[in-house]
**Q** 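The following block contains the structure, expressed as structure tokens.
Chain identifiers are assigned alphabetically (A, B, ...) following the order of the sequence lines, protein sequences preceding nucleic acid strands; residue numbering begins at 1 within each chain. Below, each value reflects all heavy atoms present in this structure, side chains not excepted, and no hydrogens, waters or symmetry copies.
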Amino acid sequence: MQKNTSTLLQTYLQYQGSPFSDPGFSAPELQLSSLPPAAVPFKIWHALDDGERLSQAQGAFQALTQHLQLVGDDQSNLNPGSPILLAQLGVARLRAQGLLGNVAAIMNALGLPVPPEKDTIGVVPFGASAFERKCRGYVVTREYGHWTDRAVRDLALLKAKYPA
Amino acid sequence: MAFFAVFPAVFFLALLSWRTCQSEVLAEHLPLTPESLSVSFSSSLQRLDLQWTVHKLPYQELQMVFPIEISRTETSKVIWMGNYSTIVKRNQVLHWSWESELPLECATHFVRIKSIVNDARFPELSFESNWSSWEEVHAHTPGQKPLLFPKDKLVEEGANVTFCFNSGRKHGMSCYLEEELIHGEQLDSNIFTFKLTNVPFIRQEGTHVYCGVNYDLLDGTVLFVSKVLEEPKNFSCETQDLKTLNCTWDPGVDTSLSYDRQQQNYILFESFSGKEKYCEHNKWCTWEISQDLEATYNFTLTAENYLRKRSVNSAFKPIDRVHPKAPESVQFENVGATSAVVTWKIPVLGNYFTLLCQIELHDKEDVRREHNVSIKVNGEFLFSELEPDTEYVVHIRCANSKRFWKWSEWVTHTLVTAQAAPSKALDVWRIVKSSKGFHNVTLFWKPLSKSHANGKILFYNIAAKNLDNESELKLLRIPAPANGTELTLDQGSYQIQVTANNSVGTSPASEIVIAADSGNEEVEEEKINGTNDGFLISWKPQSGEVTSYIVEWCEHPQNLHCDLQWKNLGPNTTETFISSEAFTPGIRYSFRIYKLSTEKTAYLVEKKTGYSQELAPLDSPQVAVKNLTSHSFTLSWEDYDTERQPGFIRGYYVCLKSNATHCHPGSVKESLPDKSTCCKHDISDPKQKTFLVKDLQPESFYEFSVSSYTSAGEGPNGTFTKVTTPEGRSHMLIYVVLPMTLCVLLIAITCYWKSQWVKEKCYPDIPDPYKSSILSLIKSKENPRITIMNVKDCIPDAIEVINKSEGTKAGCMGTLKPLTGSESSKPANNYQDFPCPAACISFENLTYNESACDSGSCAYIPGPATALPCQLGLLASPDNLPNTAEDAHTNFQGDIPAGEISLNYVAQLASPMSGDKDGLLINPPAPELCSEYKMQMAVPSHLSSPVPSEMAASPEPF
């Protein structure tokens with residue numbers, strides 16, 4: 001899954017044109033207010049209890065699932081002639097949903113309350129310009145990778161904690 | 001006069017009064033000032049839309065002019081001013097738009113307007129209002145993050161676009177078009193503008209323009225650049241079924257963009273019916289024919305995209321646009337060898353139209369026959385003069401004949417005509433070879449061409465009839481595709497007929513007669529010169545009736561199967577040119593010309609041979625040297641095969657190298673590649689294969705080579721053969737040596753015969769002493785005991801070396817001197833104590849000395865010293881003896897230098913009569929017992945004096 005997130009980001013950038021497709025493109029300053037960033041100081045992350053850890057992951061992947069749907073819609077409009085990208089975005093959304101289900105199952109198993117799904121995007125940002133939509137897609141695919149990396153670490157920590 | 005003085009004043013006052021009155025009226029019309037001005041904007045179109053009203057219009061309509069001013073950033077910075085002239089109606093809301101080059105979001109815009117009445121009908125209403133107040137337009141909410149405008153703009157390729165960027169007081173900002181840096185101007189403290197001219201089409205997904213500070217992306221926008229929409233080309237409509245019009249056009253360049261799937265659309269509008277149809281396809285559209293076929297349709301095709309519309313027009317009657325479908329149900333009927341009927345149908349159109357149909361007939365050679373037929377629905381056409389057993393391709397198409405629009409598509413079918421009997425006799429030829437009373441006849445024929453075979457040839461029939469005995473008839477059937485056969489006939493005359501047969505019938509017979517004397521003709525061969533194109537063969541006209549001439553040749557004469565070819569020529573022909581791709585330079589071709597009599601008998605009349613191109617000889621003759629004398633020799637190359645050369649041999653060059661500086665007359669001096677020279681003789685007669693080289697010097701060295709030449713040049717230079725002429729008197733030697741040899745031989749034989757006589761004369765037998773006459777004499781006169789000495793009775797001499805003191809030595813051998821002056825006090829060995837008796841018997845034999853000794857007749861005869869009847873006295877100094885003995889011993893085992901022989905002793909029996917008393921030694925006293933013996937010694941001449949004493953001192957045999 002981690003490898004797939006990296007491939008998705010590369011494919012996404014490749015189809016957007018310059019500057020996105022330029023070698024080494026990176027715009028960490030771009031963020032989405034509707035999508036929580038995965039980056040967190042290690043100390044804080046390590047100090048999280050199980051409930052906080054899992055509910056943050058749960059919230060992030062809920063948001064990612066919705067955002068990946070939005071990016072898929074944007075790209076089918078902006079890049080209708082790129083079935084590979086559209087397919088990868090679809091697959092990424094399904095994987096995010098799968099992970100979401102797994103995290104919910106773990107929370108249930110640990111007796112933690114599963115937060116209800118909420119509309120993270122809010123009012124549909126139809127008025128966004130093409131460039132904004134491309135940037136939005138970039139942030140979503142980037143954060144999808146970061147959150148996947150973080151989820152792997154989260155689950156590894158839990159696994160170490162509950163070996164059975 | 002007063003009246004006249006007052007009147008002008010009154011008039012002036014009246015006028016003033018009227019003017020005042022009028023001003024009051026105009027003051028009432030001031031509401032003509034534009035009111036309710038509102039300004040809206042369209043970001044995507046970068047357009048300001050103005051809307052206002054003019055209240056209380058005094059008339060129903062009034063021509064007015066509205067000056068408008070637009071300022072940017074602040075009211076004082078007017079960027080545009082102009083007039084909008086229009087006829088204003090009462091209660092009308094007026095609209096006017098202004099397109100901004102700069103995106104409206106880039107800055108605040110201000111608009112104001114005023115009005116001027118300018119209607120010629122109401123000159124009294126001339127009026128100019130005050131400016132309205134400035135209307136402020138904010139297309140972009142101030143305070144938002146840095147933004148780049150315009151967003152998602154659609155433009156055509158080649159347009160000019162101005163961007164603006166609100167940097168929000170950030171420094172170090174730069175903007176890019178794709179990857180290319182673009183330079184801008186500062187509009188105010190925060191706003192930068194960038195003007196792109198003649199923007200290119202890059203991709204359907206749009207072109208990116210973005211700005212950032214350092215490596216931070218601040219904002220960007222996508223500029224969608226489309227190709228320029230073109231006018232549809234070749235717009236036309238037609239009907240195939242009289243119900244539907246099918247309209248087609250060439251849309252030109254595709255202007256679609258991926259953005260919201262922007263693409264060009266086509267709309268078909270018919271003006272008479274007022275109907276419009278949105279076309280689903282970019283290249284064609286259908287339209288139902290609802291009216292009469294003869295009614296006119298006026299179509300407008302409009303192409304449009306987001307930015308532009310282009311239209312084309314076409315007006316026509318459907319009846320003029322009938323495009324028949326391709327003919328159907330094409331069939332061939334009554335197909336014969338030379339004729340066939342084709343039928344077809346044109347569907348749909350019915351009997352309403354008269355159609356013109358075009359029929360094309362192609363055969364394999366692509367010969368085309370065209371026919372035009374007028375039909376209604378069903379068509380029919382008879383093809384005649386066809387070739388039997390031939391495949392034809394038939395194409396048919398039709399069109400409306402009265403109102404021609406377009407031909408239908410071609411429909412293609414294949415027609416194969418029936419077979420017929422072969423129409424031409426075979427071209428037959430033969431080779432006749434006579435042997436053992438038979439004619440071996442090989443028949444050849446050329447296969448019939450397709451146009452004459454009229455079908456597949458299945459077999460050939462051959463009938464050979466004996467003309468002398470007509471009852472004798474041979475029949476043969478040779479299956480195709482043979483092109484020849486062999487017959488063995490007796491020596492009689494035969495008439496041979498050959499026919500080709502297909503499934504339908506038989507060809508006319510081809511006849512040839514083999515005469516009884518065929519194959520034995522002797523005609524001299526004539527040489528001809530060919531060319532690269534071929535050979536011109538000519539012959540003398542023959543007497544008698546000639547039906548034709550036949551020229552025969554082998555195309556590959558070097559092969560086992562020579563590929564016989566022949567050419568049949570008319571009776572009046574006397575020459576023909578024979579060409580072939582197979583003719584190769586350097587190959588000899590032979591041509592035989594036959595005349596064919598009226599009885600179909602062929603007679604050989606001439607033979608020609610030649611090369612299409614002669615080449616230089618392949619090899620040079622192998623030359624043998626014959627009749628070599630001291631002054632001449634003969635060169636011979638009889639084995640050289642001139643017939644196998646790639647050209648006619650015209651002669652030979654003999655090249656002779658010699659030491660002579662001048663060549664003999666008849667030869668030319670020529671330089672050779674190795675810088676030597678030779679005398680070259682030219683033998684221009686190719687039959688001369690010998691050459692006499694004469695006037696040579698005896699005992700001289702000559703080199704020669706022989707090469708042949710053709711008209712194309714000289715063959716390879718042969719290797720030089722070396723010849724040395726013999727000595728001039730050598731024959732004399734033969735005259736002398738031979739008799740002498742014979743003489744010697746004769747003498748040798750004679751000697752052999754007379755060998756006994758020679759032996760007796762030259763080396764007689766040694767006489768046997770027992771048989772000597774002297775013996776009988778002795779026996780009778782003296783001691784009867786005396787006999788001939790036996791070898792076994794003889795005691796050989798012995799030498800003993802005895803070590804003796806000086807005194808003894810002196811007493812015994814006063815005359816002898818020691819060999820060396822050195823003395824030794826040591827006793828030498830056990831020889832030393834022998835006393836020297838006074839009455840010593842000494843045997844000496846001085847018969848031989850070394851000089852007289854022959855290797856074959858001398859021998860050492862050793863004997864035991866102990867058998868001596870007396871002891872030898874000491875003859876040498878005892879000091880010298882050991883050395884001497886050692887030396888002698890050593891020398892005998894090794895080399896014996898002649899001058900160093902110190903001891904040499906030979907004892908041999910000798911005849912008492914041959915004793916030599918003149919020895920060098922002092923004669924010792926000779927006792928009686930020894931009186932009959934003499935010691936024989938081989939003495940080196942230079943040691944003749946001292947050696948005997950030393951030898952006598954040696955007691956041991958060697």
Side-chain angles (χ1 to χ4, degrees), chain A residues 9-35 37 39 70-89 123-143, chain B residues 42-44 103 105 139-141 144-155 163 165 168 170 173-182 200-226 254 256-263:
Chain A
L9 180 59
Q10 294 307 316
T11 309
Y12 179 84
L13 293 176
Q14 177 194 333
Y15 276 98
Q16 305 313 310
S18 179
F20 304 99
S21 58
D22 294 348
F25 171 79
S26 172
E29 69 279 7
L30 295 182
Q31 295 290 344
L32 278 176
S33 59
S34 55
L35 190 63
L70 177 67
V71 174
D73 292 350
D74 285 344
Q75 288 300 312
S76 66
N77 184 264
L78 293 168
N79 280 309
S82 53
I84 296 171
L85 173 62
L86 298 178
Q88 284 190 14
L89 283 168
V123 178
V124 182
F126 286 132
S129 72
F131 197 84
E132 283 170 335
R133 285 188 275 173
K134 289 185 176 188
C135 289
R136 186 163 67 194
Y138 160 68
V139 175
V140 171
T141 50
R142 184 191 66 195
E143 291 301 321
Chain B
S42 164
S43 278
S44 59
E105 293 89 344
H140 171 56
T141 308
Q144 285 187 346
K145 69 169 187 173
L147 282 173
L148 181 64
F149 292 104
K151 295 289 183 191
D152 302 344
K153 189 173 177 65
L154 267 73
V155 293
F163 291 87
F165 182 68
K170 290 200 173 186
M173 190 261 318
S174 50
C175 294
Y176 301 86
L177 171 68
E178 293 288 310
E179 293 165 335
E180 188 184 336
L181 183 68
I182 48 179
F201 170 82
I202 296 178
R203 64 179 88 84
Q204 288 190 332
E205 287 76 22
T207 308
H208 289 165
V209 178
Y210 55 94
C211 298
V213 174
N214 296 327
Y215 293 103
D216 284 353
L217 181 65
L218 293 178
D219 197 11
T221 185
V222 182
L223 178 67
F224 292 95
V225 182
S226 79
D254 180 17
S256 57
L257 293 168
S258 69
Y259 177 64
D260 283 339
R261 293 186 172 80
Q262 289 284 346
Q263 58 185 4

**Q** Check whether B/D152 gets within reach of chain A through its side chain, its backbone, both or neither, counting any heavy atom under 4.5 Å.
**A** side chain

**Q** Got B/F149 and B/T221 here, is their nearest side-chain heavy-atom distance under 4.5 Å?
**A** no

**Q** Give a yes or no answer on whether the side chain of A/K134 reaches the backbone of A/Q16 with a donor-acceptor pair at less than 3.5 Å.
**A** yes

**Q** Tell me every residue that passes disulfide bond (SG atoms under 2.5 Å apart) with B/C175, counting only those two or more places apart in sequence or in another chain.
**A** B/C211

**Q** Given heavy-atom pairs under 4.5 angstrom as the criterion, report whether the side chain, backbone, both or neither of B/F224 touches chain A.
**A** side chain

**Q** Please rank B/Q204, B/E205, B/R203 by heavy-atom pairs under 4.5 Å with chain A and give me the top one.
**A** B/E205

**Q** Under 4.5 Å heavy-atom distance to chain B, tell me which part of A/F20 shows up: side chain, backbone, both or neither.
**A** side chain

**Q** Go through the structure and list residues passing side chain to side chain donor-acceptor pair (under 3.5 Å) with B/T207, not counting sequence neighbours.
**A** none

